[in-house]
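This structure is a prediction, so every number in the text was calculated from the model and none was measured.
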Amino acid sequence: MTDNNNPIYRFSEAPIWNLLWEYYEEEGLRAWSNDQVPQYVTSNPMIGDAYAEMIFGFLQDRANQGFGSEPVYIVELGAGAGRLAYHVIHELRELIEYAGIDIPDFCYVMTDLAMNNVTAWQQHPALQSFIQEGIVDFARFNAVEDTELQLAVSGKTIQPGDLKQPILIIANYFFDGIPQDLIYIGDGKVHEVDVAVQYPPSDGVLKASERISQIQLDYTYRHAPEYEQDDYPYRSVIAMYQEHLEDSHILFPAAAFTCLDRLNALSDAGFLLITADKGDHLMEKWQFADPPELVLHGSFSFTANYHAMQKVYEQRGAEVLFPTQHYSSINIGCILSLEQPVRYPNTRLAYRRCVERFGPDEFFSLKLWVDQHLDSLGLQQILSFWRLGGYDAEFFIQTTKQISSLMAEATDDEREDILSGIEAMWSSYYVMEHQHYDLALDIGLVLFEMDMYEQSKRYLEISVAQEKEEVVSTVYYCLAISCFELEQIEQGAEYLRKLLEVEPDHEEALALISHFESME
């Protein structure tokens, strides 16, 4: 560890933030493998569908106001593994096609600080059709410094004032991982909370994640009258804290405000922000708040101060939407920093429908319960929850064992619904780099149990093509039987021979191949 004579920093200027950025540069997309950095709660199909509904509502509102000719740029900050972007775009395209109405074109720009991630997205197979359509682009973006977007595919540079449509910003698990100021309210006064940081030095041996895991923070306090001056940009919010809070540590999102200001400058028409985080918009949640602790998950994060964001933008004339109920795992907000927000009814209704009434936070709470009771679910309950979650692959993988156990009693209707759900799931499946599930194998085996041999053969052959070096004998056996059922005798025999190469003593395969050879 470093010694106790470490320099004292303002919290927002502490070296922990550089170490965090070093972590993401070092890990690239591996950071999200095996939920090292949490991603499911903010990147599943259900939240993607909710965001797509709000974006679609916004596009309708712009068209209804007569602004349909210029494209809308959707900028995702810290797009991470890319899974959320894929689900949003996939569902948005389906909504547009289904509605059949004229709305503005859109371009979804995935951004990150780590250039390795930007490069990986450009090469991801699931995004290639979107790239060819011109509806997705990529950019490296430093939220603390950058004032423009340099798009990797089109080569276009978006500078202040370039956009005629409002810019639509998505920020999931973003504001909790960028610099924040830290203040303390006590006896009606504002104190700056500075920090000394202890962690292992960079010696070329320890990875950033290992150094992060050993961080220790030591806080010191000093009276900070600059927050109490009338010319402090967010003075009214600070005054509110002085009046209503006591003995409270408050993370203040000054860097988030400047980031949004710089993005807002790209457009002449304001911005719409859709954001999700572990962040509180209720002031009482900050009352008597203790000094913040690092939340470690490979990297680290803190709590986002949605209360300050809500108050600042409401004072600027924006409409700010947060749920009336308390959140459990993820808080989702929508900030309409636009001229006359009331003129965006479709956007606001979509928020009410997809977040306020029942949204991703409620879904995730239910999923935590469902995950613990999978072995007690019937097929109708599995199908209903799978459908509610947008035919999520992760849920299907978790339930294949239970589905198999219930297959003998399944009705024809249930079997048809399983098949249609599989097809919807496969069409929207996004393979995360360094976190590869053999979904095709699980699908093929379930379909084989359903005696749907043609469909089973299709997915099992995809699995074999993907896992050439690790094909298990069961796969070849199911493929052989499927071929025989489809009267593809020669191909079935070939799969039996491959099976016997893997497992020479497989009794059923030996009997079948003997029977086949006796017929020749």
Side-chain angles (χ1 to χ4, degrees), residues 47-77 79 84-85 87-111 130 133-137 139 148-149 151 153-154 156-172 260-276 313-314 316-322 332-356 359:
I47 193 171
D49 291 355
Y51 280 24
E53 291 277 1
M54 287 186 277
I55 294 169
F56 183 58
F58 177 78
L59 295 176
Q60 292 178 75
D61 288 332
R62 292 301 291 175
N64 292 341
Q65 295 174 29
F67 300 105
S69 59
E70 295 288 336
V72 171
Y73 280 84
I74 305 163
V75 178
E76 183 182 353
L77 301 175
L84 174 68
H87 286 312
V88 170
I89 299 169
H90 182 274
E91 178 65 15
L92 184 56
R93 289 169 74 246
E94 290 201 348
L95 289 172
I96 292 170
E97 181 179 353
Y98 187 85
I101 58 178
D102 291 330
I103 56 175
D105 293 333
F106 72 90
C107 179
Y108 193 110
V109 182
M110 301 168 63
T111 76
F130 298 156
E133 290 180 48
I135 60 174
V136 69
D137 213 319
E148 60 185 27
L149 290 170
L151 306 186
V153 176
S154 68
K156 180 178 180 179
T157 298
I158 301 177
Q159 297 178 325
D162 280 353
L163 302 181
K164 305 307 177 188
Q165 296 275 27
I167 187 168
L168 200 157
I169 305 165
I170 295 176
N172 272 20
L260 292 173
D261 287 345
R262 282 183 274 108
L263 288 170
N264 181 55
L266 300 178
S267 170
D268 294 331
F271 70 84
L272 172 72
L273 170 67
I274 303 172
T275 181
Y313 283 106
E314 284 180 343
R316 294 180 182 181
E319 180 170 0
V320 181
L321 307 175
F322 278 102
I332 298 178
C334 182
I335 297 178
L336 295 89
S337 184
L338 305 161
E339 185 178 353
Q340 294 183 291
V342 71
R343 298 183 63 197
Y344 291 82
N346 291 299
T347 308
R348 293 158 53 242
L349 284 169
Y351 180 87
R352 181 178 185 272
R353 183 173 63 248
C354 300
V355 177
E356 174 75 26

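Residues S267 and Q165 come closest through the heavy atom pair OG-O, 2.7 Å. Of all heavy-atom pairs between T347 and G57, the closest is OG1-C, 3.6 Å. Annotation for R343 and Q65: closest pair O-NE2, 3.0 Å, computed over non-hydrogen atoms. Shortest non-hydrogen contact noted between C107 and G134 is SG-O, 4.2 Å. Closest of all the heavy-atom pairs between L266 and E148 is CD2-CA, 4.2 Å. For I335 against A318, the heavy-atom pair with the smallest separation is CG2-CB, 4.2 Å.
Considering only heavy atoms from C-beta on, E94 comes within 4.5 Å of E91 through its side chain. Residues L336 and L321 have side chains in contact (heavy-atom distance under 4.5 Å, counting atoms from C-beta outward). Within the 4.5 Å cutoff, side-chain heavy atoms of L168 are placed close to those of I274. With contacts defined as side-chain heavy-atom distances shorter than 4.5 Å, the pair V88/I74 does not qualify. Taking the side chain as every heavy atom from C-beta outward, I96 and F106 approach each other to under 4.5 Å. In this structure the side chain of H87 never reaches within 4.5 angstrom of the side chain of D49, judged on heavy atoms. With contacts defined as side-chain heavy-atom distances shorter than 4.5 Å, the pair I158/I167 does not qualify. At least one side-chain heavy atom of I55 sits less than 4.5 Å from a side-chain heavy atom of I170.
For the side-chain hydrogen bond (donor to acceptor under 3.5 Å, both in side chains) test, residues two or more places apart in sequence or in another chain that qualify with Y108 are E76.
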Practice task
Could you go through the side chain to side chain contact (heavy atoms under 4.5 Å, CB included) check for L273 and L263 one step at a time?
Solution key: CA-CA 11 Å; L273 170 67; L263 288 170; over 6 Å; no

>> With side chain to side chain contact (heavy atoms under 4.5 Å, CB included) as the criterion, how do K164 and F67 come out once you've worked through the C-alpha distance, each side chain's angles and the decisive distance to 0.1 Å?
In response: CA-CA 9 Å; K164 305 307 177 188; F67 300 105; over 6 Å; no

**Request:** Start with the C-alpha distance between D162 and Y73, add both sets of side-chain angles, then the distance that settles side chain to side chain contact (heavy atoms under 4.5 Å, CB included), and finish with yes or no.
**Result:** CA-CA 11 Å; D162 280 353; Y73 280 84; over 6 Å; no

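The distance from the CG atom of N172 to the CD1 atom of I47 is 5.0 Å, given to the nearest 0.5 Å. Here CD of E53 is found 5.0 Å from CG of L95. Values are rounded to the nearest 0.5 Å. Note that CD1 of I89 and CE of M110 are 7.0 Å apart. Values are rounded to the nearest 0.5 Å. Rounding to the nearest 0.5 angstrom, the gap separating the CG atom in L272 from the CD atom in E319 is 10.5 Å. Put simply, CG on L149 and CG on L163 are 8.5 Å apart, with the number rounded to the nearest 0.5 Å. Between Y51 atom OH and T275 atom OG1 the span is 6.5 Å, to the nearest 0.5 Å.
Panel note: side chain N64, backbone Q60; a donor-acceptor pair is recorded below 3.5 Å. S337 contributes no side-chain N or O that, together with a main-chain N or O of F271, makes up a donor-acceptor pair within less than 3.5 Å. Judged by distance alone, the side chain of D105 and the main-chain N or O of P71 form no donor-acceptor pair under 3.5 Å.
Within 6.0 Å of atom CD in Q159, more than 12 heavy atoms from other residues, nucleotides or ligands are found, so the atom counts as buried in its surroundings.
Between Y344 and Y351, the distance separating the two ring centers is not shorter than 6.0 angstrom.
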